[in-house]
Undergrad: 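Here you go, one structure.
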Amino acid sequence: MKITRGEVENVARLARLALADEELDRLTGEMDAILGYVEQLNELDTDDIIPMAHAVPLENAFRADEVRPSLGTDKALTNAPDPDDGCFGVPKVIE
Amino acid sequence: MQLTDLTIHEMQQRMADGSLTSVELTEAFLQRIKDTDERLNAFITVCDEEALEAARQADAQRAASNVQPLTGIPVALKDIFITEGLRTTCASKILGDYCPPYDGTAVRKLKEQGAVIVGKLNMDEFAMGSSNENSGYGPVRNPWNLDCVPGGSSGGSAVAVAARQAVATLGTDTGGSIRMPASHCGVVGLKPSYGRVSRYGVIAYASSLDQVGPMTRDVRDCAIMLGAVAGYDPADSTSVDMPVPDYLENLEQGVAGKKIGLPKEYFIDGLDAEVKQAIDAAVETYRKLGAEIVEVSLPHTKYAVACYYVVATAEASSNLARYDGVRFGQRVDEGNGLIDMYMQTRSQGFGDEVKRRIMLGTYALSSGYYDAYYLKAQKVRSLIRQDFLDAFEQVDCILTPVAPTAAFKLGEKMADPLTMYLSDIFTISTNLAGICGLSLPCGRTEQGLPIGVQLLGKPFGEAELLQTAYAYEQATDWHTQGPEL
């Protein structure tokens with residue numbers, strides 16, 4: 001086994017997904033099969049290979065620090081599930 | 001001939017000589033969508049009124065001699081492109097009726113050049129899928145055989161072009177999502193080199209792999225569409241600041257003396273016999289056109305799918321963290337606090353495949369597994385890119401099948417995610433390497449399903465890639481055939 005049901009439960013918690021028991025069961029099997037397939041990458045010796053994060057080598061992209069028009073509060077809030085006095089309303093975090 | 005059978009360049013001619021208006025064209029396409037889309041489900045949103053208004057404006061501009069490359073041309077967009085004031089779903093229930101407050105760069109460019117947007121196209125949810133069955137808005141069907149999938153994830157974009165619902169569409173390609181549906185639906189689909197087209201305003205799946213590209217009925221239209229959207233964009237720091245060539249200028253140059261490589265690793269046991277036959281015939285056509293055919297090797301090909309499903313899912317798990325019910329989209333709040341609100345929102349909003357990929361990616365990035373999975377995959381990615389750079393020292397272009405089989409039946413691969421992932425085996429390396437690739441119709445199976453040939457080019461070698469594709473297209477008539485609907 002590459003991954004146990006307990007690990008899958010933990011990953012779901014990290015990913016902020018509430019999964020039903022049958023979903024956890026199914027995912028444990030599926031993830032185990034996929035991770036088993038991924039295992040073949042270990043056939044390759046990559047000790048001296050430089051990892052590649054991106055297709056195009058990039059340095060930081062800087063721009064001038066200038067004031068420019070932006071979206072604005074009203075427009076930014078048009079899709080908010082709970083707009084509240086110019087802010088995004090969320091459930092209470094601190095009692 | 002119907003108006004909806006015209007290509008972009010034919011429409012441009014007719015509108016220029018005054019025998020056709022954009023309103024006439026747009027009405028014809030909107031009618032075609034009404035007549036066919038109940039069966040195909042290619043569109044999530046059709047915008048009749050906005051499209052007709054844009055068409056009227058285009059006709060007025062033309063009357064005032066203000067003509068842009070796409071003035072009055074009816075196009076449609078994969079529903080992954082942010083469109084100001086027009087619902088954008090990414091085929092996910094989690095976005096609800098999200099109505100973006102701005103246009104992405106590719107959309108802005110299309111509008112500036114006069115294009116008429118007729119609607120937003122169905123896709124696999126968040127571009128995750130190879131069959132377009134993972135949509136929150138129902139599966140898309142292949143116009144050549146309604147029991148078959150169109151391929152994914154840009155399935156709606158391919159179907160709309162094949163079924164004459166729009167003359168051209170934009171899709172996105174992260175592991176084959178433009179080329180594979182293009183192949184299954186018998187249209188031209190181009191994945192440009194990474195960095196050629198801005199990703200600003202394109203909903204992110206795997207940011208180091210995602211690229212925007214056109215889907216069209218022929219290569220000339222593909223060149224027109226690429227020219228319209230390509231170029232550096234300060235709003236996307238990963239777009240590359242290189243001049244955009246005129247893709248039409250040397251389109252008809254031909255392939256005499258060009259070297260085309262056949263990678264031996266792509267002609268494997270799992271390749272369907274009819275697909276193999278069609279690809280062999282395409283190779284023969286190129287030989288007759290004067291190209292030199294040589295064998296090349298891309299030795300790390302067999303590791304591409306494994307590498308991709310680590311890199312892409314890792315990036316996806318990070319990108320999709322933003323869907324938390326706070327700023328946009330749906331919120332499910334059962335009154336049990338903030339964390340529970342996140343969890344309920346995400347669990348009810350995402351479909352199964354999206355959850356699966358978020359889970360895989362979260363696992364690959366989690367403490368203790370990062371080196372074994374993500375870092376390892378990044379190193380293998382370097383090896384895969386080097387394979388291509390080495391091959392392009394010997395040849396101008398690489399020719400392969402697009403997919404191991406023609407379109408499969410709906411439901412056929414849904415039970416086993418790994419089998420579904422393996423259908424991307426010939427397209428995935430292109431994205432990992434960041435090179436450009438194009439799918440071109442090259443045949444049909446005995447049952448009448450389209451087959452595509454893939455041409456791969458050097459980074460930023462789109463002009464040469466299009467020339468190579470154009471030469472084949474001129475020698476064959478696959479691109480003139482369409483499905484009966």
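As a basis for the values below, the full set of heavy atoms in this structure was taken, side chains included, without hydrogen atoms, waters or symmetry mates. Protein chains get the first letters and strands the later ones, always in sequence-line order, with residue 1 at the start of each.
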Undergrad: Applying salt bridge (Lys or Arg N to Asp or Glu O under 4.0 Å), run through A/Glu9 and A/Arg13 and close with a yes or a no.
TA: CA-CA 6 Å; A/Glu9 269 180 66; A/Arg13 192 180 52 76; over 6 Å; no

Undergrad: Between chain A and each of B/Ser237, B/Pro417, B/Gly434, B/Gly361, count heavy-atom pairs under 4.5 Å; write down the option with the most.
TA: B/Pro417

Undergrad: With a 4.5 angstrom heavy-atom cut-off, is it the side chain or the backbone of B/Leu320 that approaches chain A, or both, or neither?
TA: neither

Undergrad: Using a cut-off of under 4.5 Å on heavy-atom pairs, state which of A/Asn10, A/Thr78, A/Asn42, A/Leu77 scores highest against chain B.
TA: A/Asn42

Undergrad: If we define contacts as heavy-atom pairs under 4.5 Å, which of B/Tyr194, B/Tyr98, B/Tyr303 has the most with chain A?
TA: B/Tyr303

Undergrad: Select, from B/Tyr363, B/Tyr374, B/Phe328, B/Tyr342, the one with the greatest count of heavy-atom pairs under 4.5 Å involving chain A.
TA: B/Tyr363

Undergrad: Taking every non-hydrogen pair under 4.5 Å, which of B/Arg385, B/Gln378, B/Lys302, B/Glu315 racks up the most with chain A?
TA: B/Gln378

Undergrad: Once the angle between the rings of B/Phe126 and B/Tyr323 is folded into 0 to 90°, is it parallel (under 30°), tilted (30 to 60°) or perpendicular (over 60°)?
TA: tilted

Undergrad: Output the option from B/Arg327, B/Met341, B/Arg346 having the highest count of non-hydrogen pairs under 4.5 Å with chain A.
TA: B/Arg327

Undergrad: Hey, mind stepping through B/Ile82 and B/Ile203 against side-chain contact (heavy atoms from CB on, under 4.5 Å) and telling me if it holds?
TA: CA-CA 7 Å; B/Ile82 298 288; B/Ile203 295 173; 3.9 Å; yes

Undergrad: Please report the shortest heavy-atom distance between A/Arg26 and B/Arg356, naming the atom on each side.
TA: NH1-NH1, 3.5 Å

Undergrad: Mind ranking A/Ala33, A/Ala61, A/Ala20, A/Ala53 by heavy-atom pairs under 4.5 Å with chain B and telling me who comes out on top?
TA: A/Ala53

Undergrad: For the pair A/Lys2 and A/Glu39, evaluate salt bridge (Lys or Arg N to Asp or Glu O under 4.0 Å) and give the outcome as yes or no after the intermediate values.
TA: CA-CA 9 Å; A/Lys2 297 281 158 229; A/Glu39 195 79 350; 3.4 Å; yes

Undergrad: Going by atom types alone, do B/Thr174 and B/Asp210 pair a side-chain donor with an acceptor below 3.5 Å?
TA: yes

